[in-house]
> 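Dropping the structure in here first, questions after.
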Amino acid sequence: MTRSESAPSGSQHSDDSAAEKSSIDHASTNCTVEVRPSPPVVGSIRPPGSKSLTNRALICAAFSVGESPAVLHGALRSEDTEVMVAALRQVGWDIDVSGDGTEITVGGRLGDSNASAKGDGPAELFIANSGTTIRFLTAALSAAGGDYRLSGVPRMHQRPIGDLTDAIASVIDGRIVTESDGGCPPVRVEGRGWNGHQMRVRGNVSSQYLSGLMMAGPIAASGQPTVIEVSGELVSRPYVDMTAKVMADFGAVVHLQDSQAESGDAALKVVIEPVAYRPVDYDIEPDASAASYFWATAAITGGKVTVQGLSPDALQGDVGLVDVLAKMGCAVEKSDGHLTVQGVPPGQRLTGIDVDMNAISDTVQTLAVVALFADGPTRVRGVAHNRFKETDRIGDLACELRKLGATVEEHDDGMTIHPLTETQVCRSEDAPPIRLATYHDHRMAMSLALVGLRIPGIQIENPACTAKTYPNYFADLEGLIGQSHLWRNDSDD
Ligand SMILES: O=C(O)C1=C[C@@H](OP(=O)(O)O)[C@@H](O)[C@H](O)C1
Ligand SMILES: C=C(OP(=O)(O)O)C(=O)O
């Protein structure tokens with residue numbers, strides 16, 4: 001076992017390209033990382049830019065109309081944003097990623113460089129496992145017109161997109177089909193843009209379908225407002241508000257009309273005026289889902305951690321995790337540009353809670369790890385859609401938590417996590433290690449690693465999978481918790 005050699009905390013990336021570190025091919029690796037028990041963690045960190053904001057801004061920037069290029073500042077450079085940039089370049093955009101990768105200049109579309117424009121069959125776009133990229137690009141390219149095929153890693157071909165392609169099929173002047181069972185990618189889009197401007201979309205599996213359609217509205221150029229109605233439940237609502245805000249920042253005119261459906265359910269209608277995006281200079285917030293792991297280090301160890309660059313009114317709903325941690329007994333300080341979480345004093349325990357996390361589902365794995373150290377069970381509700389993400393984030397999460405000895409009940413819409421006993425937490429340092437699998441899911445790796453802050457011998461498999469949204473995660477975590485608390489084993493069998 002060797003201690004990892006890594007960059008200091010808060011550095012966004014080393015000079016190596018994120019692509020080199022990327023787990024895009026999703027090859028499994030025998031490397032493991034071990035986080036070791038730590039005294040209360042005290043510190044401050046600024047996570048890299050938001051994935052969700054970067055990929056929205058890339059779409060709006062690419063389809064903006066104006067003389068000057070759009071420039072994104074503080075962007076995320078990771079697998080999920082690299083596949084977006086690569087796909088846009090492949091179909092003709094001039095995109096420059098400079099410096100440490102956080103400044104992205106999006107120039108105009110150069111025209112003929114893509115296969116679809118030349119009539120040579122579809123442009124083949126590889127999207128790895130980025131849900132935002134495939135959903136946003138499918139919608140945008142269908143509205144722009146052309147011939148494209150979007151595919152990804154095997155898990156991507158199990159992640160539903162049929163609700164989105166059904167909605168597009170109702171307006172496209174051409175055809176759109178999915179190639180895997182259950183309405184899953186690859187997706188073939190072939191057409192001349194949209195010739196309809198009213199559609200309905202389901203929102204109970206993912207909000208990304210609605211976000212994609214919304215961002216495609218100003219691209220469709222029908223000369224009429226685009227009207228999108230959501231059928232039934234809509235999950236992950238804060239991301240839809242984020243979409244509307246980013247679109248507006250790029251000059252689009254969007255109206256979100258909430259109402260009460262006859263069924264009594266909330267219903268949402270979105271109207272997008274036929275106004276083009278403008279190229280702008282755009283600042284991107286640090287990633288709030290990434291911040292969740294650092295707040296959790298404070299909650300788990302009884303420390304105090306400040307995340308810089310995020311405010312209570314951030315565009316990302318996931319900042320709401322601090323309020324959930326407050327319900328568990330943490331002290332939270334909110335100010336403009338900082339959010340700080342402080343765990344409970346020594347001798348006290350966090351409180352188990354009953355919480356609906358529909359709006360902040362990417363932080364469920366983080367909360368589940370914190371819940372292991374509470375005084376009673378934590379019931380997480382409202383996240384049935386977590387089964388359709390990078391992995392089944394209910395079943396597979398429960399499986400890994402049980403390897404620690406925890407009792408975990410799975411429910412259709414979430415889970416109940418019973419805390420670990422003192423004996424389970426204070427296991428001998430000489431006991432055989434417990435290896436936790438990560439299922440090519442960045443959030444599985446980033447959250448489960450934190451268990452090691454309290455329990456000796458926790459090894460995290462394939463830590464490189466954090467490259468999906470946070471290639472430098474373990475280096476940044478090490479900077480926060482100290483070098484002696486993070487070990488990397490590169491030659492494990
Ligand atoms: O629109 C977005 O940027 C996202 C929406 C959420 O997905 P769902 O709407 O599928 O829950 C979230 O899990 C994902 O990481 C990012
Ligand atoms: C669900 C996630 O990503 P996506 O759906 O964009 O692949 C995530 O980042 O947790």
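Atoms within a ligand are numbered from 1 in the order they appear, just like the ligands themselves. In this chain, numbering begins with 1 at the start of the sequence shown.
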> With a cut-off of 4.0 Å, which atoms of ligand 1 are near a heavy atom of T132?
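Heavy-atom distances to T132 below 4.0 Å select 2 (C), 3 (O), 16 (C).
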
> Can you tell me the protein heavy atom closest to atom 10 (O) of ligand 1 and the distance?
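Minimum-distance protein heavy atom for atom 10 (O) of ligand 1 reads S206 OG, 2.7 Å.
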
> Tell me yes or no: between the side chains of T416 and H411, is some donor less than 3.5 Å from an acceptor?
yes

> Which residues satisfy the salt bridge (charged side-chain N to carboxylate O under 4.0 Å, His left out) test with R402, sequence neighbours excluded?
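With sequence neighbours excluded, R402 shows a salt bridge (charged side-chain N to carboxylate O under 4.0 Å, His left out) to no residue whatsoever.
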
> Considering only heavy atoms from C-beta outward, does the side chain of R379 approach that of E409 to under 4.5 Å?
no

> Who's the nearest protein heavy-atom neighbour of atom 2 (C) of ligand 1, and how far?
Y239 CD2, 3.2 Å

> Considering only non-hydrogen protein atoms, determine which one is nearest to atom 9 (O) of ligand 1 and report residue, atom name and distance to 0.1 Å.
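Checking every protein heavy atom, the shortest distance to atom 9 (O) of ligand 1 gives S207 OG, 2.5 Å.
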
> Who's touching ligand 2 if we go heavy atoms under 4.0 Å?
K51, N129, S130, G131, T132, R159, Q208, D362, K389, E390, R393, H442, R443, K468

> Given M247 and Y277, is the side-chain contact (heavy atoms from CB on, under 4.5 Å) satisfied, shown in steps?
CA-CA 7 Å; M247 290 174 69; Y277 294 119; 3.6 Å; yes

> Can you list the ligand 1 atoms lying under 4.0 Å from a non-hydrogen atom of H385?
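The atoms of ligand 1 under 4.0 Å from a heavy atom of H385 are 11 (O).
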
> Do Y439 and R393 have a side chain donor and acceptor closer than 3.5 Å?
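No.
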
> In the protein, which heavy atom is nearest to atom 1 (O) of ligand 1, and how far is it?
R56 NH2, 2.7 Å

> Side chains of H385 and N204: donor-acceptor distance under 3.5 Å anywhere?
no

> Considering only non-hydrogen protein atoms, determine which one is nearest to atom 7 (O) of ligand 1 and report residue, atom name and distance to 0.1 Å.
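Protein heavy atom at minimum distance: Q208 NE2, 3.1 Å.
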
> Minimum heavy-atom separation for F63 and A140, please, with both atom names.
CE1-CB, 3.8 Å

> Classify the ring geometry of F250 against Y282: parallel below 30°, tilted from 30° to 60°, perpendicular beyond 60°.
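Tilted, since the angle between the ring planes falls between 30° and 60°.
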
> Would you sort out whether N55 and T133 count as a side chain to side chain donor-acceptor pair (under 3.5 Å), showing the intermediate values?
CA-CA 7 Å; N55 273 352; T133 304; 3.2 Å; yes

> So which protein heavy atom does atom 8 (P) of ligand 1 come closest to, and at what separation?
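For this ligand atom, the closest protein heavy atom is K389 NZ, 3.3 Å.
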
> Under a plain distance cut-off of 3.5 Å, with no hydrogens placed, do N129 and R159 share a side-chain donor-acceptor pair?
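Their side chains do contain a donor-acceptor pair, which is all the 3.5 Å distance test asks for.
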
> Side chains of T466 and H442: do they bring a donor and an acceptor to under 3.5 Å?
no

> Return yes or no for this condition: an N or O of R135 is under 3.5 Å from an N or O of ligand 1.
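Between R135 and ligand 1, no N or O pair is found under 3.5 Å apart.
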
> Check each atom of ligand 1 against the heavy atoms of S236 and keep those under 4.0 Å away; list them by number with element.
8 (P), 9 (O), 11 (O)

> Regarding atom 3 (O) of ligand 1: of the candidates S52, S50, P238, S361, which has the closest heavy atom?
S52

> What I want to check is whether the side chains of Q316 and S289 have a donor and an acceptor closer together than 3.5 Å.
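Distance-only check fails for Q316 and S289.
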
> For atom 12 (C) of ligand 1, tell me which residue out of D80, D362, T363, L234 has the closest non-hydrogen atom.
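Shortest heavy-atom distance from atom 12 (C) of ligand 1: D362.
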
